[in-house]
2 protein chains.
Amino acid sequence: MGTFAKNTDDTELALCAAFPTDLTMLLHAAAGRMTDDLDLAAVEMGLNDVRDWLVLAALDDGRQRTQLELSRVVCVDKTTLISVLDRLEKHELIVRSVDPSDRRVRIPQITSTGRKVYAKFAVARDVAEARALNGVDQAERALLLDLLARIADRQAAALPAS
Amino acid sequence: MGTFAKNTDDTELALCAAFPTDLTMLLHAAAGRMTDDLDLAAVEMGLNDVRDWLVLAALDDGRQRTQLELSRVVCVDKTTLISVLDRLEKHELIVRSVDPSDRRVRIPQITSTGRKVYAKFAVARDVAEARALNGVDQAERALLLDLLARIADRQAAALPAS
DNA sequence: CTCGGATCGTCTGGACTCGGACGATCCTAT
DNA sequence: ATAGGATCGTCCGAGTCCAGACGATCCGAG
């Protein structure tokens, strides 16, 4: 799925939308813009990726989760998740504790500083989204989110049928 | 930007949408679903990626383009584009001809078989999009595409300001 | 108790990505 | 004519991703 180039160009930016009728391309272009923006915000506060924040977000609800469960929740490969957790742990944003009832599994948990960084990033995300949707009224926003969710889910539901 | 895992899971599919209010995540999830679907269609007809098709699509309009121009149009790194073109050329879907007026540049051009493959893939794409938007009326579709385009473009326009 | 298989986290090998360097070619100024 | 610099396509090296292998650990059958 990671299939398209990062936008390092400064001049020729909007050309991803050269296929203005193609849903897939538009989705990619839009997602790419948001991600580029958020990646920037992420590195500013010591994170590495949007993924770093995504993992933090998943951990913020305080649920105890196996690394494997976590990797499934955030759609990050379990081996890749390891490097993410390593980095987060090094920065003391999370800790990995061993489940005493099953010594195979590690339970990653967010620390208080991790929670702070997460909150800080959350407002950056809100700003980015607000800017992206500037001038779009509430009903249209709701429709957009609903349609996106439907696309993401429907495809999933449609696959096992075929 | 290539930041999220491919969905090789069969069981836990819809969990990318575990953050149903987050625009960025939803965009990624939706784009991922479409791409997964189209990747499947791509390999079925001898292509490798959505990117392969994307390049073919860009070449299908018959405009003469430098490889560098092409890489900008489709948002693929110029070095990565080389491997794509190599593959397409090996499968005789394109040819690289040397511009006689500037022997530095190569002009990739789609062949007739390339055109055929492209057309075949286009219907697969239409089917996938139709399924994704099944039950969404015309006005809503138009709005969706418009909003996505706006997100993709507005961010680009907003960046140089900051 | 113990043995075989399942499941956890981690490691490793091969493939891919992309910034920077390179030769070839062009263009402009002198 | 030619030197210097810009621009093309390609190559290389460091970084990343992920399928599969691996040790550690758990659990159930006997």
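In this text the structure is predicted, and so the values were computed from the model without any measurement. So you know, we letter chains A, B, ... as the sequences are listed, proteins then strands, and number each from 1.
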Output yes when at least one side-chain N/O atom of Arg51(B) is less than 4.0 Å from OP1 or OP2 of dT17(C), else no. yes
Quick note, Arg96(B) side chain, CB onward, closest among dC17(D), dG9(C), dT10(D) is dT10(D)
Once you round to the nearest 0.5 Å, how far does CZ of Arg106(B) lie from CZ of Arg96(B)? 8.0 Å
Checking side-chain contact (heavy atoms from CB on, under 4.5 Å) for the pair Leu54(A)/Asp22(B): CA distance, chi angles, key distance, verdict? CA-CA 11 Å; Leu54(A) 183 57; Asp22(B) 188 292; over 6 Å; no
For Arg104(B), side-chain hydrogen bond (donor to acceptor under 3.5 Å, both in side chains) partners two or more places apart: Asp102(B)
Students often get this wrong, so: under 4.0 angstrom with heavy atoms, is Ile82(B) touching a base, only sugar-phosphate, or nothing? base
Value rounded to 0.5 Å, distance of CD1 in Ile94(B) from CD1 in Ile107(B): 11.5 Å
With heavy atoms under 4.0 Å as the rule, sort Ser83(A) into base, sugar-phosphate or nothing. nothing
Using a cut-off of under 3.5 Å, enumerate the N/O to N/O pairs linking the protein to nucleotides 20-28 of chain C.
residue, atom, partner, partner atom, Å
dC26(C), OP1, Arg103(B), N, 2.8

Side-chain N,O (Thr80(A)) to OP1/OP2 (dC17(D)) below 4.0 Å: no
Of the candidate nucleotides dG19(C), dC17(D), dC8(C), which contains the atom at the shortest distance from the side chain of Asp77(B)? dG19(C)
Among residues 84-91 of chain A, which ones have heavy-atom contacts with DNA chain D below 4.0 Å? none
Whether the side chain of Thr111(A) engages the backbone of Glu92(A) through a donor-acceptor N/O pair (distance < 3.5 Å, no angle test) should be reported. yes
